[in-house]
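Everything quoted here is computed from the prediction, not taken from an experiment.
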Amino acid sequence: MRTIRIGSGAGYSGDRIEPAVELAERGDIQYLGFECLAERTIALAQGEKLKNPESGFDPLLEARMQAVLRPCAEKGIRIITNMGAANPQGAARVTAAVADRLGLRGLKIAAVSGDDVLDRVLRDGDYALLERPGTVASLGDSILSANAYMGAAGIVQALGGGADVVITGRVSDPALFLAPLIHEFGWEWDDWDRLGKGTVVGHVLECAGQVTGGYFADPGYKDVPDLARLGFPLAEAAEDGSAVLTKVEGSGGRITVATCKEQLMYELLDPASYLQPDVVADFSSVRFAETEPNRIAVSGGTGRERPDTLKVSVGYLDSYVGEGQISYAGAGAVARARLALEIVRERLKLTRVATTETRFELIGVDAVHKGGLCADPAEIPEVRIRVVGRTQSLAEAVRIGNEVESLYTNGPAGGGGAWKQARQVVAVVSTLIPQDKVAAAVSYEVT
Amino acid sequence: MKLRELAHARTGDKGDTSQISVIAFDPGDYAYLAEHVTADRVRAHFGEIVQGKVLRYELPGLGALNFVLEGALAGGVTRSLSLDAHGKCLSSVLLEMEVPERQ
(Lines give C-alpha, C1' and ligand atoms only; values in the text may rest on other atoms or scores of the structure.)
Protein backbone atom coordinates (compact mmCIF):
# COMPACT_ATOMS: atom_id res chain seq x y z
CA MET A 1 0.00 0.00 0.00
CA ARG A 2 1.25 3.47 -0.88
CA THR A 3 2.38 5.68 2.02
CA ILE A 4 3.54 9.26 2.38
CA ARG A 5 5.64 10.74 5.16
CA ILE A 6 4.44 13.99 6.76
CA GLY A 7 6.44 15.86 9.40
CA SER A 8 5.21 18.31 12.01
CA GLY A 9 7.56 21.28 12.26
CA ALA A 10 5.91 23.43 14.94
CA GLY A 11 3.23 23.03 17.58
CA TYR A 12 2.77 26.72 18.32
CA SER A 13 3.92 30.10 17.10
CA GLY A 14 7.04 30.37 19.26
CA ASP A 15 8.15 26.75 18.89
CA ARG A 16 11.77 25.64 18.40
CA ILE A 17 13.03 25.91 14.83
CA GLU A 18 15.83 23.28 14.63
CA PRO A 19 13.56 20.21 14.91
CA ALA A 20 11.86 21.25 11.66
CA VAL A 21 15.23 21.57 9.95
CA GLU A 22 16.13 18.11 11.26
CA LEU A 23 12.89 16.71 9.81
CA ALA A 24 13.54 18.39 6.45
CA GLU A 25 17.15 17.21 6.22
CA ARG A 26 16.89 13.72 7.71
CA GLY A 27 13.22 12.82 8.00
CA ASP A 28 12.76 11.48 4.47
CA ILE A 29 9.44 13.35 4.38
CA GLN A 30 7.35 14.64 1.49
CA TYR A 31 5.36 17.21 3.50
CA LEU A 32 6.19 19.47 6.42
CA GLY A 33 3.35 21.11 8.36
CA PHE A 34 3.67 24.01 10.81
CA GLU A 35 0.77 24.76 13.16
CA CYS A 36 1.42 28.24 14.55
CA LEU A 37 -1.90 30.00 15.04
CA ALA A 38 -3.41 30.13 18.53
CA GLU A 39 -7.00 31.19 19.15
CA ARG A 40 -6.49 34.88 19.72
CA THR A 41 -3.33 35.35 17.63
CA ILE A 42 -5.32 36.19 14.53
CA ALA A 43 -7.14 39.01 16.35
CA LEU A 44 -3.82 40.53 17.40
CA ALA A 45 -2.46 40.03 13.88
CA GLN A 46 -5.50 41.81 12.46
CA GLY A 47 -4.60 44.81 14.62
CA GLU A 48 -1.05 44.73 13.24
CA LYS A 49 -2.35 44.58 9.69
CA LEU A 50 -4.52 47.67 10.26
CA LYS A 51 -1.38 49.58 11.24
CA ASN A 52 0.70 48.14 8.41
CA PRO A 53 -1.00 46.37 5.47
CA GLU A 54 2.16 44.32 4.80
CA SER A 55 2.18 42.80 8.32
CA GLY A 56 -0.33 40.63 10.19
CA PHE A 57 1.31 37.23 9.75
CA ASP A 58 3.37 35.09 12.12
CA PRO A 59 6.36 36.97 13.59
CA LEU A 60 8.63 33.94 13.10
CA LEU A 61 7.57 33.30 9.49
CA GLU A 62 10.73 34.73 8.00
CA ALA A 63 13.05 32.93 10.43
CA ARG A 64 11.32 29.58 9.87
CA MET A 65 11.31 29.94 6.09
CA GLN A 66 14.96 31.03 6.14
CA ALA A 67 15.76 27.82 8.05
CA VAL A 68 13.73 25.26 6.09
CA LEU A 69 13.18 26.55 2.53
CA ARG A 70 16.50 25.34 1.13
CA PRO A 71 16.42 21.77 2.47
CA CYS A 72 12.75 21.52 1.53
CA ALA A 73 13.34 22.83 -2.00
CA GLU A 74 16.30 20.51 -2.51
CA LYS A 75 14.34 17.44 -1.43
CA GLY A 76 11.01 18.43 -2.95
CA ILE A 77 9.30 18.67 0.44
CA ARG A 78 6.11 20.71 0.33
CA ILE A 79 5.43 23.05 3.25
CA ILE A 80 1.94 23.65 4.65
CA THR A 81 1.36 26.22 7.39
CA ASN A 82 -1.18 28.57 8.95
CA MET A 83 1.51 31.20 9.56
CA GLY A 84 -0.41 33.51 7.24
CA ALA A 85 -2.62 34.51 10.21
CA ALA A 86 -4.46 37.70 9.19
CA ASN A 87 -2.46 38.15 5.98
CA PRO A 88 -1.65 34.97 3.99
CA GLN A 89 -0.91 36.96 0.82
CA GLY A 90 1.59 39.17 2.65
CA ALA A 91 3.16 36.06 4.17
CA ALA A 92 3.46 34.51 0.69
CA ARG A 93 5.24 37.64 -0.58
CA VAL A 94 7.68 37.56 2.34
CA THR A 95 8.31 33.85 1.77
CA ALA A 96 8.97 34.55 -1.91
CA ALA A 97 11.46 37.24 -0.89
CA VAL A 98 13.25 34.77 1.40
CA ALA A 99 13.39 32.26 -1.47
CA ASP A 100 14.82 34.96 -3.75
CA ARG A 101 17.51 35.80 -1.21
CA LEU A 102 18.39 32.10 -0.96
CA GLY A 103 18.58 31.90 -4.74
CA LEU A 104 15.74 29.37 -4.95
CA ARG A 105 14.15 29.76 -8.38
CA GLY A 106 10.83 28.42 -9.61
CA LEU A 107 9.26 28.03 -6.18
CA LYS A 108 5.47 28.31 -6.16
CA ILE A 109 3.99 29.75 -3.00
CA ALA A 110 0.24 29.66 -2.44
CA ALA A 111 -1.79 31.89 -0.14
CA VAL A 112 -5.10 30.45 1.02
CA SER A 113 -7.59 33.04 2.26
CA GLY A 114 -11.35 33.19 2.72
CA ASP A 115 -11.42 32.63 6.46
CA ASP A 116 -11.96 36.33 7.25
CA VAL A 117 -15.74 36.58 7.67
CA LEU A 118 -15.87 39.78 9.70
CA ASP A 119 -17.86 41.78 7.12
CA ARG A 120 -20.32 38.96 6.70
CA VAL A 121 -21.03 38.34 10.38
CA LEU A 122 -21.50 42.06 10.96
CA ARG A 123 -23.68 42.59 7.87
CA ASP A 124 -25.78 39.42 7.88
CA GLY A 125 -27.47 40.01 11.21
CA ASP A 126 -27.87 37.51 13.96
CA TYR A 127 -24.85 35.40 14.67
CA ALA A 128 -25.44 34.17 18.21
CA LEU A 129 -22.43 33.82 20.51
CA LEU A 130 -21.78 30.30 21.78
CA GLU A 131 -20.27 31.16 25.16
CA ARG A 132 -22.80 33.68 26.43
CA PRO A 133 -26.00 35.50 25.53
CA GLY A 134 -25.80 38.06 22.73
CA THR A 135 -24.84 38.26 19.10
CA VAL A 136 -21.65 39.14 17.28
CA ALA A 137 -23.18 42.51 16.37
CA SER A 138 -23.77 43.24 20.07
CA LEU A 139 -19.98 43.44 20.54
CA GLY A 140 -20.20 46.74 18.65
CA ASP A 141 -17.03 48.74 18.16
CA SER A 142 -14.96 46.41 20.34
CA ILE A 143 -14.89 43.75 17.62
CA LEU A 144 -11.50 43.20 15.95
CA SER A 145 -11.77 40.09 13.81
CA ALA A 146 -13.91 37.12 12.84
CA ASN A 147 -12.28 34.11 11.24
CA ALA A 148 -13.89 30.83 10.27
CA TYR A 149 -12.08 27.56 10.86
CA MET A 150 -11.92 26.38 7.25
CA GLY A 151 -11.31 22.80 6.23
CA ALA A 152 -8.73 21.22 3.94
CA ALA A 153 -10.27 22.24 0.60
CA GLY A 154 -8.21 25.40 0.01
CA ILE A 155 -4.96 23.61 0.80
CA VAL A 156 -5.89 20.67 -1.42
CA GLN A 157 -6.64 23.11 -4.24
CA ALA A 158 -3.24 24.78 -3.77
CA LEU A 159 -1.43 21.43 -3.76
CA GLY A 160 -3.32 20.50 -6.93
CA GLY A 161 -2.14 23.81 -8.38
CA GLY A 162 1.46 22.72 -7.84
CA ALA A 163 2.29 24.81 -4.78
CA ASP A 164 5.58 24.06 -3.04
CA VAL A 165 4.56 26.14 -0.05
CA VAL A 166 0.96 26.64 1.13
CA ILE A 167 0.28 29.45 3.60
CA THR A 168 -3.16 29.80 5.12
CA GLY A 169 -5.02 31.98 7.56
CA ARG A 170 -7.41 30.24 9.93
CA VAL A 171 -7.98 26.58 9.10
CA SER A 172 -8.65 23.77 11.54
CA ASP A 173 -5.29 22.53 12.84
CA PRO A 174 -5.66 18.89 11.69
CA ALA A 175 -6.58 20.15 8.19
CA LEU A 176 -2.92 21.15 7.69
CA PHE A 177 -2.09 17.42 7.76
CA LEU A 178 -5.34 15.97 6.42
CA ALA A 179 -4.99 18.03 3.22
CA PRO A 180 -1.89 16.27 1.84
CA LEU A 181 -3.54 12.88 2.52
CA ILE A 182 -6.62 13.92 0.51
CA HIS A 183 -4.41 15.30 -2.25
CA GLU A 184 -2.07 12.31 -2.49
CA PHE A 185 -4.59 9.51 -2.10
CA GLY A 186 -7.51 11.14 -3.86
CA TRP A 187 -9.86 10.57 -0.94
CA GLU A 188 -13.43 11.60 -1.69
CA TRP A 189 -14.92 14.50 0.29
CA ASP A 190 -17.64 12.19 1.57
CA ASP A 191 -15.34 9.30 2.51
CA TRP A 192 -16.11 9.95 6.18
CA ASP A 193 -14.22 6.90 7.39
CA ARG A 194 -10.92 7.92 5.77
CA LEU A 195 -11.41 11.61 6.58
CA GLY A 196 -11.94 10.55 10.19
CA LYS A 197 -8.79 8.42 10.16
CA GLY A 198 -6.81 11.23 8.52
CA THR A 199 -8.05 13.57 11.26
CA VAL A 200 -6.60 11.20 13.85
CA VAL A 201 -3.21 11.51 12.14
CA GLY A 202 -3.51 15.30 11.87
CA HIS A 203 -4.61 15.64 15.47
CA VAL A 204 -1.69 13.70 16.93
CA LEU A 205 0.79 15.59 14.72
CA GLU A 206 -0.48 19.15 15.15
CA CYS A 207 1.21 19.88 18.49
CA ALA A 208 4.59 18.64 17.24
CA GLY A 209 6.79 17.77 20.27
CA GLN A 210 3.79 16.99 22.48
CA VAL A 211 3.63 13.49 20.97
CA THR A 212 7.38 12.77 21.07
CA GLY A 213 7.91 13.35 24.78
CA GLY A 214 7.22 17.04 25.29
CA TYR A 215 4.56 17.98 27.89
CA PHE A 216 5.00 14.43 29.19
CA ALA A 217 8.12 13.93 31.31
CA ASP A 218 7.59 13.27 35.03
CA PRO A 219 10.86 12.03 36.54
CA GLY A 220 10.60 8.59 38.08
CA TYR A 221 7.16 8.01 36.54
CA LYS A 222 7.49 8.98 32.89
CA ASP A 223 11.11 9.57 31.94
CA VAL A 224 12.02 11.09 28.59
CA PRO A 225 15.60 11.29 27.31
CA ASP A 226 17.20 14.38 25.82
CA LEU A 227 14.34 16.89 25.83
CA ALA A 228 16.79 19.67 24.93
CA ARG A 229 17.08 18.03 21.50
CA LEU A 230 13.47 16.87 21.27
CA GLY A 231 12.72 15.42 17.85
CA PHE A 232 9.42 16.39 16.25
CA PRO A 233 7.06 13.71 14.92
CA LEU A 234 6.37 12.43 11.47
CA ALA A 235 3.63 10.13 10.27
CA GLU A 236 4.04 7.44 7.66
CA ALA A 237 0.44 7.58 6.48
CA ALA A 238 -1.13 4.94 4.25
CA GLU A 239 -3.84 5.13 1.64
CA ASP A 240 -6.31 3.30 3.92
CA GLY A 241 -5.94 5.94 6.64
CA SER A 242 -3.73 3.92 8.97
CA ALA A 243 -0.34 5.31 9.94
CA VAL A 244 2.90 4.77 11.79
CA LEU A 245 4.08 7.60 14.02
CA THR A 246 7.80 8.05 14.48
CA LYS A 247 10.58 10.65 14.64
CA VAL A 248 14.02 11.17 13.14
CA GLU A 249 16.45 8.50 14.31
CA GLY A 250 18.87 9.80 16.92
CA SER A 251 16.75 12.83 17.85
CA GLY A 252 15.79 13.48 21.47
CA GLY A 253 12.58 12.49 23.19
CA ARG A 254 10.62 9.30 22.74
CA ILE A 255 7.37 8.34 21.12
CA THR A 256 5.45 5.59 22.88
CA VAL A 257 1.92 4.25 23.18
CA ALA A 258 1.58 6.43 26.30
CA THR A 259 2.67 9.68 24.60
CA CYS A 260 0.30 8.91 21.71
CA LYS A 261 -2.66 8.25 24.01
CA GLU A 262 -2.07 11.52 25.85
CA GLN A 263 -1.90 13.48 22.61
CA LEU A 264 -4.89 11.74 21.01
CA MET A 265 -7.01 12.84 23.97
CA TYR A 266 -5.52 16.34 24.14
CA GLU A 267 -8.21 19.03 23.82
CA LEU A 268 -10.80 16.37 23.13
CA LEU A 269 -14.30 16.66 24.58
CA ASP A 270 -16.54 13.79 23.41
CA PRO A 271 -14.08 11.29 21.85
CA ALA A 272 -16.83 10.02 19.52
CA SER A 273 -17.57 13.49 18.11
CA TYR A 274 -14.51 15.54 17.33
CA LEU A 275 -16.04 18.32 15.26
CA GLN A 276 -14.01 19.32 12.23
CA PRO A 277 -14.92 21.34 9.13
CA ASP A 278 -14.54 18.28 6.86
CA VAL A 279 -15.82 15.48 9.09
CA VAL A 280 -17.09 14.60 12.56
CA ALA A 281 -14.24 12.35 13.63
CA ASP A 282 -14.74 9.47 16.04
CA PHE A 283 -11.60 8.59 18.02
CA SER A 284 -13.20 5.95 20.25
CA SER A 285 -11.89 2.99 18.24
CA VAL A 286 -8.32 4.28 17.82
CA ARG A 287 -5.58 1.86 18.94
CA PHE A 288 -1.81 2.29 19.24
CA ALA A 289 0.80 -0.47 19.12
CA GLU A 290 4.58 -0.23 19.40
CA THR A 291 6.11 -2.17 16.53
CA GLU A 292 9.67 -1.24 17.50
CA PRO A 293 11.12 1.49 19.73
CA ASN A 294 9.88 4.93 18.61
CA ARG A 295 7.56 3.46 15.97
CA ILE A 296 3.87 3.44 16.91
CA ALA A 297 1.25 1.96 14.61
CA VAL A 298 -2.10 3.79 14.66
CA SER A 299 -5.25 1.96 13.63
CA GLY A 300 -8.98 2.50 13.96
CA GLY A 301 -10.82 5.77 14.14
CA THR A 302 -13.60 6.71 11.80
CA GLY A 303 -15.92 9.59 10.96
CA ARG A 304 -19.40 10.76 10.15
CA GLU A 305 -20.81 13.40 7.82
CA ARG A 306 -19.32 16.83 8.32
CA PRO A 307 -21.27 19.51 10.24
CA ASP A 308 -23.31 22.10 8.30
CA THR A 309 -21.56 24.95 10.09
CA LEU A 310 -18.05 26.18 10.73
CA LYS A 311 -16.81 27.58 14.01
CA VAL A 312 -15.87 31.26 13.87
CA SER A 313 -13.46 32.84 16.35
CA VAL A 314 -14.39 36.44 17.07
CA GLY A 315 -11.69 38.64 18.58
CA TYR A 316 -12.72 41.72 20.54
CA LEU A 317 -11.36 44.24 23.04
CA ASP A 318 -12.60 42.91 26.36
CA SER A 319 -11.06 44.84 29.26
CA TYR A 320 -7.77 45.78 30.91
CA VAL A 321 -5.76 43.71 33.37
CA GLY A 322 -3.27 44.99 35.91
CA GLU A 323 -0.97 42.73 37.87
CA GLY A 324 1.80 42.90 40.44
CA GLN A 325 4.04 40.32 42.11
CA ILE A 326 6.63 40.46 44.91
CA SER A 327 8.53 37.73 46.79
CA TYR A 328 9.14 36.94 50.46
CA ALA A 329 11.58 34.35 51.82
CA GLY A 330 12.85 32.82 55.03
CA ALA A 331 11.13 32.43 58.38
CA GLY A 332 7.59 33.77 58.35
CA ALA A 333 7.58 34.23 54.57
CA VAL A 334 3.95 33.14 54.20
CA ALA A 335 2.77 35.34 57.10
CA ARG A 336 4.48 38.39 55.57
CA ALA A 337 3.08 37.55 52.15
CA ARG A 338 -0.46 37.31 53.54
CA LEU A 339 0.03 40.67 55.27
CA ALA A 340 1.20 42.09 51.93
CA LEU A 341 -1.97 40.85 50.22
CA GLU A 342 -4.13 42.49 52.90
CA ILE A 343 -2.27 45.78 52.51
CA VAL A 344 -2.78 45.82 48.74
CA ARG A 345 -6.44 44.86 49.13
CA GLU A 346 -6.99 47.83 51.44
CA ARG A 347 -4.95 50.20 49.27
CA LEU A 348 -7.04 49.39 46.20
CA LYS A 349 -10.16 50.24 48.25
CA LEU A 350 -8.70 53.44 49.69
CA THR A 351 -7.57 54.69 46.31
CA ARG A 352 -10.85 53.59 44.67
CA VAL A 353 -9.43 51.41 41.92
CA ALA A 354 -12.58 49.98 40.34
CA THR A 355 -12.25 46.29 39.45
CA THR A 356 -14.80 43.81 38.17
CA GLU A 357 -12.74 40.76 39.15
CA THR A 358 -9.63 40.28 41.29
CA ARG A 359 -7.28 37.60 42.59
CA PHE A 360 -5.09 37.85 45.67
CA GLU A 361 -2.93 34.74 45.79
CA LEU A 362 0.36 33.21 46.85
CA ILE A 363 2.46 31.66 44.12
CA GLY A 364 3.82 28.48 45.67
CA VAL A 365 0.73 27.95 47.84
CA ASP A 366 -2.60 28.51 46.13
CA ALA A 367 -2.18 30.30 42.78
CA VAL A 368 -2.75 27.23 40.64
CA HIS A 369 -4.79 25.07 42.96
CA LYS A 370 -7.29 26.97 45.08
CA GLY A 371 -7.20 25.48 48.56
CA GLY A 372 -3.56 24.54 48.04
CA LEU A 373 -1.76 21.21 47.93
CA CYS A 374 0.65 21.91 50.74
CA ALA A 375 0.03 20.45 54.20
CA ASP A 376 1.73 23.29 56.10
CA PRO A 377 2.27 26.50 54.15
CA ALA A 378 4.00 28.03 57.18
CA GLU A 379 7.06 25.92 56.34
CA ILE A 380 7.37 27.11 52.75
CA PRO A 381 10.82 28.72 52.40
CA GLU A 382 9.82 31.30 49.81
CA VAL A 383 6.62 32.60 48.34
CA ARG A 384 5.51 35.22 45.85
CA ILE A 385 2.31 37.25 46.11
CA ARG A 386 0.26 37.87 43.02
CA VAL A 387 -2.46 40.51 42.78
CA VAL A 388 -4.33 40.77 39.53
CA GLY A 389 -7.49 42.64 38.63
CA ARG A 390 -9.70 43.43 35.68
CA THR A 391 -10.51 47.09 35.05
CA GLN A 392 -12.25 49.21 32.46
CA SER A 393 -9.28 51.53 31.88
CA LEU A 394 -5.54 51.16 31.43
CA ALA A 395 -4.89 53.84 34.05
CA GLU A 396 -6.65 51.77 36.72
CA ALA A 397 -4.88 48.60 35.63
CA VAL A 398 -1.54 50.37 36.05
CA ARG A 399 -2.42 51.32 39.63
CA ILE A 400 -2.79 47.66 40.66
CA GLY A 401 0.83 46.86 39.82
CA ASN A 402 1.93 50.13 41.42
CA GLU A 403 0.32 49.19 44.72
CA VAL A 404 2.24 45.91 44.75
CA GLU A 405 5.51 47.59 43.80
CA SER A 406 5.20 50.20 46.54
CA LEU A 407 5.29 47.38 49.09
CA TYR A 408 9.06 47.67 48.66
CA THR A 409 9.11 50.71 50.97
CA ASN A 410 5.65 50.58 52.55
CA GLY A 411 4.98 46.90 53.09
CA PRO A 412 6.26 43.96 55.16
CA ALA A 413 9.94 43.26 55.77
CA GLY A 414 12.08 41.74 53.06
CA GLY A 415 9.87 42.07 49.98
CA GLY A 416 11.96 41.61 46.82
CA GLY A 417 11.76 41.20 43.08
CA ALA A 418 8.65 43.27 42.46
CA TRP A 419 7.23 43.00 38.97
CA LYS A 420 4.22 44.70 37.42
CA GLN A 421 2.29 44.74 34.19
CA ALA A 422 -0.82 46.36 32.73
CA ARG A 423 -2.30 45.31 29.43
CA GLN A 424 -5.36 45.47 27.26
CA VAL A 425 -7.14 42.15 26.92
CA VAL A 426 -8.06 40.92 23.48
CA ALA A 427 -10.43 38.03 24.09
CA VAL A 428 -12.13 35.52 21.84
CA VAL A 429 -15.71 34.30 21.63
CA SER A 430 -17.24 32.01 19.04
CA THR A 431 -20.16 31.73 16.72
CA LEU A 432 -21.18 29.38 13.91
CA ILE A 433 -21.51 30.17 10.22
CA PRO A 434 -23.10 27.99 7.52
CA GLN A 435 -20.42 26.17 5.50
CA ASP A 436 -21.79 27.47 2.21
CA LYS A 437 -21.09 31.07 3.20
CA VAL A 438 -17.33 30.45 3.42
CA ALA A 439 -15.16 29.65 0.40
CA ALA A 440 -11.39 29.36 0.20
CA ALA A 441 -9.53 31.53 -2.31
CA VAL A 442 -6.05 30.61 -3.54
CA SER A 443 -3.47 32.94 -5.05
CA TYR A 444 0.17 32.30 -5.97
CA GLU A 445 3.60 33.90 -5.86
CA VAL A 446 6.27 32.36 -8.08
CA THR A 447 10.00 32.97 -7.59
CA MET B 1 -2.74 5.79 47.43
CA LYS B 2 -2.43 8.65 45.00
CA LEU B 3 -3.99 8.34 41.57
CA ARG B 4 -0.51 9.18 40.28
CA GLU B 5 0.65 5.65 41.12
CA LEU B 6 -1.85 4.14 38.66
CA ALA B 7 -2.34 6.67 35.92
CA HIS B 8 -0.89 9.52 33.92
CA ALA B 9 -2.78 12.56 32.72
CA ARG B 10 -2.70 15.52 30.35
CA THR B 11 -4.73 18.73 30.31
CA GLY B 12 -6.12 20.48 27.26
CA ASP B 13 -8.35 23.53 27.00
CA LYS B 14 -11.26 24.63 24.85
CA GLY B 15 -12.62 28.05 25.72
CA ASP B 16 -13.68 28.02 29.37
CA THR B 17 -13.63 24.20 29.49
CA SER B 18 -10.69 22.22 30.81
CA GLN B 19 -10.24 18.66 29.62
CA ILE B 20 -8.13 16.14 31.50
CA SER B 21 -7.27 12.64 30.31
CA VAL B 22 -6.58 9.97 32.93
CA ILE B 23 -4.78 7.01 31.40
CA ALA B 24 -3.94 3.77 33.22
CA PHE B 25 -0.25 2.87 33.13
CA ASP B 26 -1.44 -0.74 33.11
CA PRO B 27 -4.58 -1.19 30.99
CA GLY B 28 -5.56 -3.89 33.50
CA ASP B 29 -6.23 -1.09 36.01
CA TYR B 30 -8.84 0.55 33.80
CA ALA B 31 -11.86 -0.99 35.53
CA TYR B 32 -10.45 0.04 38.91
CA LEU B 33 -10.02 3.62 37.70
CA ALA B 34 -13.50 3.64 36.18
CA GLU B 35 -14.90 2.55 39.55
CA HIS B 36 -13.04 5.03 41.73
CA VAL B 37 -12.35 8.08 39.56
CA THR B 38 -15.90 9.23 38.99
CA ALA B 39 -17.11 12.58 37.70
CA ASP B 40 -18.46 13.39 41.18
CA ARG B 41 -15.12 12.66 42.85
CA VAL B 42 -13.26 14.76 40.29
CA ARG B 43 -15.66 17.64 40.86
CA ALA B 44 -15.15 17.40 44.64
CA HIS B 45 -11.37 17.22 44.21
CA PHE B 46 -11.24 20.48 42.28
CA GLY B 47 -13.73 22.27 44.53
CA GLU B 48 -14.40 25.87 43.59
CA ILE B 49 -12.17 25.74 40.50
CA VAL B 50 -14.96 24.13 38.47
CA GLN B 51 -18.02 26.35 38.05
CA GLY B 52 -20.00 24.14 35.68
CA LYS B 53 -20.63 20.45 34.98
CA VAL B 54 -18.05 17.67 35.07
CA LEU B 55 -18.56 15.04 32.38
CA ARG B 56 -16.73 11.74 32.06
CA TYR B 57 -16.16 9.89 28.78
CA GLU B 58 -14.89 6.31 28.84
CA LEU B 59 -12.30 4.93 26.45
CA PRO B 60 -11.85 1.31 27.58
CA GLY B 61 -9.88 0.44 24.44
CA LEU B 62 -7.22 2.95 25.45
CA GLY B 63 -7.55 2.22 29.18
CA ALA B 64 -8.44 5.85 29.65
CA LEU B 65 -11.06 8.23 31.01
CA ASN B 66 -11.65 11.73 29.67
CA PHE B 67 -12.89 14.39 32.07
CA VAL B 68 -14.50 17.55 30.74
CA LEU B 69 -14.67 20.32 33.34
CA GLU B 70 -16.97 23.12 32.25
CA GLY B 71 -16.33 26.61 33.55
CA ALA B 72 -12.97 25.60 35.00
CA LEU B 73 -10.76 28.17 33.31
CA ALA B 74 -11.95 31.45 34.83
CA GLY B 75 -13.52 32.58 31.57
CA GLY B 76 -11.08 30.86 29.22
CA VAL B 77 -7.48 31.35 28.18
CA THR B 78 -7.99 34.67 26.47
CA ARG B 79 -9.55 36.50 29.42
CA SER B 80 -8.67 34.48 32.53
CA LEU B 81 -6.87 36.20 35.42
CA SER B 82 -5.40 32.87 36.47
CA LEU B 83 -1.62 32.44 36.63
CA ASP B 84 -2.09 29.24 34.63
CA ALA B 85 -4.69 30.48 32.19
CA HIS B 86 -4.63 27.26 30.12
CA GLY B 87 -5.05 25.09 33.22
CA LYS B 88 -2.00 23.07 32.13
CA CYS B 89 -1.18 22.32 35.78
CA LEU B 90 -4.57 20.77 36.51
CA SER B 91 -3.60 17.28 35.31
CA SER B 92 -0.95 17.00 38.03
CA VAL B 93 -3.41 18.39 40.57
CA LEU B 94 -5.87 15.64 39.60
CA LEU B 95 -3.19 12.95 40.00
CA GLU B 96 -2.98 13.98 43.69
CA MET B 97 -6.43 12.47 44.21
CA GLU B 98 -6.56 9.65 46.77
CA VAL B 99 -7.89 6.29 45.57
CA PRO B 100 -8.25 3.15 47.71
CA GLU B 101 -5.10 1.03 47.91
CA ARG B 102 -4.91 -1.33 44.91
CA GLN B 103 -4.93 -4.92 46.20
(request) Would you name the heavy atoms of B/L65 and A/M265 that are closest together and state the gap between them? (result) O-CE, 3.4 Å
(request) Report the distance from atom OH of B/Y57 to atom CG of A/L268, rounding to the nearest 0.5 Å. (result) 9.5 Å
(message) Is B/F25 in contact with chain A via its backbone, its side chain, both, or neither, using a 4.5 Å heavy-atom distance?
(response) side chain
(request) Considering only heavy atoms and a distance below 4.5 Å, find which of A/E39, A/E131, A/Q263, A/E323 pairs most often with chain B. (result) A/Q263
(message) Assess, by modelled atom type and distance only, whether the side chains of A/Y266 and B/Q19 contain a donor and an acceptor separated by less than 3.5 Å.
(response) no
(request) Without swapping roles, check the side chain of B/R10 against the backbone of A/Y215 for a donor-acceptor pair under 3.5 Å. (result) yes
(request) Any chance you could measure A/T358, atom OG1, to B/L81, atom CG, to the nearest 0.5 Å? (result) 8.0 Å
(request) Pick one of side chain, backbone, both or neither for A/V388, based on which atoms fall under 4.5 Å of a heavy atom in chain B. (result) both
(request) Please state whether the side chain, the backbone, both or neither of A/V257 comes within less than 4.5 Å of a heavy atom of chain B. (result) neither
(message) Please classify the contact of B/S91 with chain A as side chain, backbone, both or neither, using a heavy-atom distance under 4.5 Å.
(response) neither
(message) Does any backbone or side-chain atom of A/R386 lie under 4.5 Å from a heavy atom of chain B? Answer side chain, backbone, both or neither.
(response) side chain
(request) Check each atom of B/L95 against the heavy atoms of chain A and say whether the ones under 4.5 Å are side chain, backbone, both or neither. (result) neither
(message) Contact between B/R4 and A/D218 at the side-chain level, heavy atoms closer than 4.5 Å - yes or no?
(response) yes
(request) Rounded to the nearest 0.5 Å, what's the gap from CD on A/E262 to CD1 on B/I23? Could you check? (result) 5.0 Å
